[in-house]
Q: 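A single structure is presented below for examination.
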Amino acid sequence: MRALFPVLALLLATAASARPEGPRLFCQTYPDAPACAGNVVSCEQCHTSVPEWNPYGIAVLSNLTGPFESSVVDALAAVETGDADGDGVTNLEEIMLGTWAGNADSVYVAPPAPTGDDNPRYDVGGYDLPFAYKRMKITYCGASPTYDEMQALTAAGDPGTLLHDELTACLQTSYWRDEALQRLADKRIRPLAAVGTDPGSVIPLADYRWDYRLFSYIMTDGRDVRDLLLADYHVDESGNVVTGVINDGDFGQPLEPQYRAGMITTQWFIMIHTMFSELPRTTAAQAYRAYLGLDIARSQGLLPVPGEPVDVDNAGVTEQTCANCHSTLDPLAYGFAYYEGIDGPTGEFRPNRPSWNDDTIVAAFMDTPLANVSSAGVTDWASNAAESDAFKRNVAKMLMEQAIGDASPYEQTDLLALWQSMEDDGYSADALIHRLVDTNAFGAP
């Protein structure tokens with residue numbers, strides 16, 4: 001029993017300091033781990049919930065030989081061959097597979113080897129082009145292929161070319177542009193039937209149809225998907241690009257173009273997330289989650305800014321249980337404070353909106369501080385974010401999940417290759433989809 005005392009003392013001594021730097025140091029140690037590729041590992045790797053530690057976190061802490069920051073790398077190495085959660089897979093194997101080393105319910109089970117007679121219909125375990133063709137037609141055209149289409153595929157001299165030609169046609173259909181892409185956008189736009197869209201609605205303060213049109217426009221015709229965070233334009237009901245301030249009674253886009261950052265500064269986005277908040281943490285958190293794939297509520301993407309949180313609005317966020325997340329969240333939120341929610345002209349940029357002094361705060365993107373918050377906070381945030389691996393990974397993951405669901409551990413290689421190809425393809429969603437349908441993740445039954 002006495003042997004536990006040093007471990008308990010170490011847990012108490014490192015509880016405050018370990019959490020903020022833990023994800024960064026973990027990914028510096030394992031940069032090729034799926035949880036770190038274009039991402040920052042979630043605190044779930046070592047915690048059941050902050051500040052509670054899971055078996056893997058306890059194993060790491062018990063191997064510290066000094067201050068957390070200077071000894072954690074050696075501690076991580078010391079527990080690699082162990083099996084903290086007792087699921088029969090070593091800690092290092094779980095890390096490199098993308099499962100959680102401290103959670104016995106998170107374990108990779110390889111697909112069983114095929115047995116019995118050959119399957120006459122599918123190339124089980126390999127890329128099956130007829131299967132990929134069917135999945136492509138359902139996903140991007142919204143209907144299964146006809147008998148005649150399947151016969152034409154079988155008779156084609158180059159069926160792969162035929163598949164891609166028809167995929168190109170599918171990506172031009174109204175199904176893809178007006179239905180499938182809008183469903184993909186739903187959780188990023190978060191429409192509410194009682195708010196917006198209709199002058200007779202309960203609270204007609206913004207119109208989310210502008211958001212859907214902008215999303216679909218950017219994600220089609222080979223356009224640069226970075227405009228999800230960079231666009232200083234909008235798209236009207238006729239499909240025309242519109243710049244400048246757009247006034248239409250309670251609806252429109254009143255924000256001046258120089259303050260726009262694509263989908264995260266539309267009138268709807270600011271209204272629904274900021275509302276009356278002086279420091280719009282919800283707005284920043286949704287931007288981080290929807291377009292970088294990092295959910296601060298799940299302890300993802302935590303890269304704290306030194307000296308934060310300042311607690312400019314007296315919300316009590318400096319308490320130990322809050323400070324871990326808010327040292328990342330608050331600096332992300334500062335720039336959004338200058339965009340009016342619903343206590344005034346909805347969606348407008350107002351330099352004097354916050355009550356605090358700009359000199360006391362630093363806005364940030366990930367671990368890169370941004371100066372001069374009031375004039376450049378959100379637009380600089382978006383410019384940095386659009387060039388990040390996190391953004392590329394999130395776009396690829398978004399399209400992959402739409403087609404096949406969550407990527408399993410053995411499909412992580414395909415996901416990695418997809419998002420790393422985006423720069424070469426000019427950040428085109430169409431090009432990414434063409435690459436996606438050629439992956440085993442898409443085409444293997």
Q: Under 4.0 Å between a side-chain nitrogen and a carboxylate oxygen: does that hold for Lys397 and Glu401?
A: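 Counted as a salt bridge, because a side-chain N and a carboxylate O are separated by less than 4.0 Å.
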Q: For Pro331 and His326, which heavy atoms make the closest approach, and how far apart are they?
A: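 Smallest interatomic distance, heavy atoms only, reads CD-O, 3.6 Å.
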Q: Could you state the interatomic distance from CD (Glu94) to CG (Asp87), rounded to the nearest 0.5 Å?
A: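 Here the rounded value is 4.0 Å.
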Q: When you measure from the side chain of Arg223 to the backbone of Ile218, do you find a donor-acceptor pair of N or O atoms at a distance under 3.5 Å?
A: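 Absent.
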Q: Determine whether a donor-acceptor pair (N or O, by modelled atom type, separation under 3.5 Å) exists between the side chain of Arg213 and the backbone of His234.
A: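 A pair under 3.5 Å: no.
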Q: Donor-acceptor pairs under 3.5 angstrom involving side-chain atoms of residues 236-244: please list them, not counting sequence neighbours.
A:
unit_1, atom_1, unit_2, atom_2, d
Asp236, OD1, Ser238, N, 2.9
Asp236, OD1, Gly239, N, 3.1
Asp236, OD1, Asn240, N, 2.8

Q: Looking at OH of Tyr175 and CD of Gln182, how far apart are the two atoms once the value is rounded to the nearest 0.5 Å?
A: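 Going from the OH atom of Tyr175 to the CD atom of Gln182 covers 12.0 Å.
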Q: Taking Asp311 for the side chain and Ala315 for the main chain, is one N or O donor matched with an acceptor at less than 3.5 Å?
A: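 Looks like yes, one N/O pair under 3.5 Å.
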Q: Who pairs with Tyr339 by ring pair (Phe, Tyr, Trp, His ring centres under 6.0 Å), at least two apart in sequence or on another chain?
A: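 Once residues adjacent in sequence are excluded, the partners of Tyr339 under the ring pair (Phe, Tyr, Trp, His ring centres under 6.0 Å) criterion are Phe349.
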Q: Can a donor-acceptor pair be found, under 3.5 Å and without considering hydrogens, that links the side chain of Thr265 to the backbone of Ala261?
A: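 Answer holds: yes.
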Q: Under 30°, 30 to 60°, or over 60°: which ring-plane class applies to His164 and His434, parallel, tilted or perpendicular?
A: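 Because their plane-to-plane angle is under 30°, the rings of His164 and His434 count as parallel.
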Q: Decide yes or no on side chain to side chain contact (heavy atoms under 4.5 Å, CB included) for Trp210 and Val235, but give the supporting numbers first.
A: CA-CA 7 Å; Trp210 286 97; Val235 179; 5.9 Å; no
Q: Any side-chain heavy atom of Cys325 within less than 4.5 Å of one from Leu302?
A: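 When only atoms from C-beta onward are counted, Leu302 and Cys325 do touch, with a gap below 4.5 Å.
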Q: Does Asn103 offer a backbone N or O that forms a donor-acceptor pair with the side chain of Asp85 under 3.5 Å?
A: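 Yes: the side chain of Asp85 pairs with the backbone of Asn103.
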Q: Nearest 0.5 Å, what's the CG-SG distance between Leu171 and Cys141?
A: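 Here the rounded value is 8.0 Å.
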Q: Would you call Val89 and Thr99 a side-chain contact if the rule is heavy atoms closer than 4.5 Å?
A: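 Contact flag for Val89/Thr99 side chains = no.
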Q: Within the 4.5 Å heavy-atom criterion, are Asp211 and Met263 side-chain neighbours or not?
A: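 SC-SC contact between Asp211 and Met263 confirmed.
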Q: Check Ala152 against Leu162 and note the closest heavy-atom contact, atom names and distance.
A: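 Between these two residues, the closest heavy atoms are O-CD1, 4.1 Å.
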Q: For residues Phe336 and Leu332, report the shortest heavy-atom separation together with the two atoms involved.
A: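 It is CD1-O, 3.5 Å.
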Q: Less than 3.5 Å apart, any donor N or O on the side chain of Tyr212 or Asp186 sitting next to an acceptor on the other?
A: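 The answer is yes; a qualifying pair exists.
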Q: Pair Leu228, Tyr427 - check side chain to side chain contact (heavy atoms under 4.5 Å, CB included), show working.
A: CA-CA 11 Å; Leu228 292 172; Tyr427 291 88; over 6 Å; no
Q: Please lay out, stage by stage, how Gln253 and Leu255 fare under the test side chain to side chain contact (heavy atoms under 4.5 Å, CB included).
A: CA-CA 6 Å; Gln253 297 298 332; Leu255 187 62; 5.8 Å; no
Q: If we ignore hydrogens and angles and just use 3.5 Å, is the side chain of Ser216 paired with the main-chain N or O of Arg177 as donor and acceptor?
A: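 Yes, Ser216 side chain to Arg177 backbone: donor-acceptor pair under 3.5 Å.
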Q: So, for Glu44 and Asn54, which heavy atoms are closest and what is the spacing to 0.1 Å?
A: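 That would be O-ND2, 3.2 Å.
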Q: Are Asp128 and Lys134 close enough for a salt bridge, meaning some N to O gap below 4.0 Å?
A: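 Judged by the 4.0 Å cut-off on N to carboxylate O distance, Asp128 and Lys134 do not form a salt bridge.
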Q: With side chain to side chain donor-acceptor pair (under 3.5 Å) as the criterion, how do Ser355 and Glu278 come out once you've worked through the C-alpha distance, each side chain's angles and the decisive distance to 0.1 Å?
A: CA-CA 8 Å; Ser355 62; Glu278 185 175 21; 2.3 Å; yes
Q: Strictly distance-based, threshold 3.5 Å: is any side-chain N or O of Asn91 a donor or acceptor partner for the main-chain N or O of Ala84?
A: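 Flag set: sc Asn91 to bb Ala84 pair under 3.5 Å.
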Q: Which heavy atom of Cys170 sits nearest to which heavy atom of Thr173, and what is that distance?
A: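 Nearest heavy atoms, Cys170 then Thr173: O-OG1, 2.6 Å.
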Q: Do Ser42 and Gln300 have side-chain atoms, one donor and one acceptor, less than 3.5 Å apart?
A: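 Distance-only check fails for Ser42 and Gln300.
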Q: State whether a side-chain donor-acceptor pair under 3.5 Å links Gln172 with Asp221.
A: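 The criterion, which ignores hydrogens and geometry beyond distance, is satisfied for Asp221 and Gln172.
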Q: Is there a donor-acceptor contact under 3.5 Å from the side chain of Thr274 to the main chain of Met271?
A: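 Answer holds: no.
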Q: Answer yes or no: is there a donor N or O on one side and an acceptor on the other, between the side chain of Glu149 and the main chain of Thr146, under 3.5 Å?
A: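 Yes, the answer is positive, given that a donor and an acceptor are paired below the 3.5 Å cut-off.
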Q: Could you grab the distance from atom CG of Leu436 to atom CD1 of Ile404, nearest 0.5 Å is fine?
A: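 So the gap between those two atoms works out to 7.0 Å.
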Q: What closest approach, in Å, do Arg353 and Ser277 show between heavy atoms, and which atom pair accounts for it?
A: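 In this case the closest contact between Arg353 and Ser277 is NH2-O, 2.7 Å.
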Q: Is the shortest side-chain heavy-atom distance between Leu292 and Asn394 below 4.5 Å?
A: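 Sidechains of Asn394 and Leu292: no contact.
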Q: Any side-chain heavy atom of Arg183 within less than 4.5 Å of one from Gln402?
A: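 They are not in side-chain contact.
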Q: Ion pair present between Glu387 and Lys392, side-chain N to carboxylate O less than 4.0 angstrom?
A: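 So Glu387 does not pair with Lys392 through a salt bridge.
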Q: First locate atom OG1 of Thr266, then atom CG of Asp207, and finally report the distance between them rounded to the nearest 0.5 Å.
A: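 So the gap between those two atoms works out to 10.0 Å.
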Q: After noting the C-alpha distance and the side-chain angles of Asp227 and Tyr233, does the key distance pass the side chain to side chain donor-acceptor pair (under 3.5 Å) rule?
A: CA-CA 9 Å; Asp227 273 5; Tyr233 57 85; 2.7 Å; yes
Q: Below 4.5 Å, heavy atoms only, C-beta onward: do Val310 and Asp330 meet side chain to side chain?
A: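 The answer is no, as the side chains (C-beta and beyond) never meet within the 4.5 Å cut-off.
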Q: Let me see the working for Arg289 and Leu294 under side chain to side chain contact (heavy atoms under 4.5 Å, CB included), right down to the final yes or no.
A: CA-CA 4 Å; Arg289 176 172 49 245; Leu294 301 171; over 6 Å; no
Q: Among Trp53, Trp100, Phe26, Tyr56, whose ring pair (Phe, Tyr, Trp, His ring centres under 6.0 Å) with His47 holds?
A: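 With His47 as partner, ring pair (Phe, Tyr, Trp, His ring centres under 6.0 Å) holds for just one option, Trp53.
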Q: How many angstroms lie between atom CE of Met219 and atom CG of Leu399, to the nearest 0.5 angstrom?
A: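 Those atoms lie 4.5 Å apart.
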Q: Whether the side chain of Asp430 engages the backbone of Thr220 through a donor-acceptor N/O pair (distance < 3.5 Å, no angle test) should be reported.
A: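 Side chain of Asp430 to backbone of Thr220, a donor-acceptor pair under 3.5 Å: no, none is there.
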Q: Hydrogens and angles aside, do Glu411 and Ser408 bring a side-chain donor and acceptor to less than 3.5 Å of each other?
A: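 A pair is found: one side chain offers a donor N or O, the other an acceptor, under 3.5 Å apart.
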Q: Between Asp83 and Thr90, do the side chains contain a donor N or O and an acceptor N or O under 3.5 Å apart?
A: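 Not at all, the side chains of Thr90 and Asp83 share no donor-acceptor pair under 3.5 Å.
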Q: So Tyr140 and Phe442, would you call those rings parallel, tilted or perpendicular, with 30° and 60° as cut-offs?
A: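 Geometry flag for Phe442 against Tyr140: parallel rings.
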Q: Just checking, is any N or O donor in the side chain of Gln45 or Tyr30 under 3.5 Å from an acceptor N or O on the other one?
A: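 Distance-only check fails for Gln45 and Tyr30.
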Q: Would you say that Ser383 contacts Leu230 through its side chain, given a criterion of any heavy-atom pair below 4.5 Å between the two side chains?
A: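 They are in contact (side-chain heavy atoms under 4.5 Å apart), so the answer is yes.
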Q: For Tyr334 and Glu308, test the side chains for any donor-to-acceptor distance below 3.5 angstrom and give the result as yes or no.
A: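 Short answer, yes.
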Q: Could you tell me if the side chain of Thr328 sits less than 4.5 Å from the side chain of Tyr288, heavy atoms only?
A: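 Touching, per the 4.5 Å side-chain cut-off.
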Q: Under a 4.0 Å threshold between the charged nitrogen and the carboxylate oxygen, would Arg435 count as salt-bridged to Asp425?
A: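 A salt bridge links Asp425 with Arg435.
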Q: Please tell me whether Glu166 and Tyr133 have a donor and an acceptor in their side chains that are separated by less than 3.5 angstrom.
A: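 There is such a pair (donor and acceptor under 3.5 Å, judged by atom type) between the side chains of Glu166 and Tyr133.
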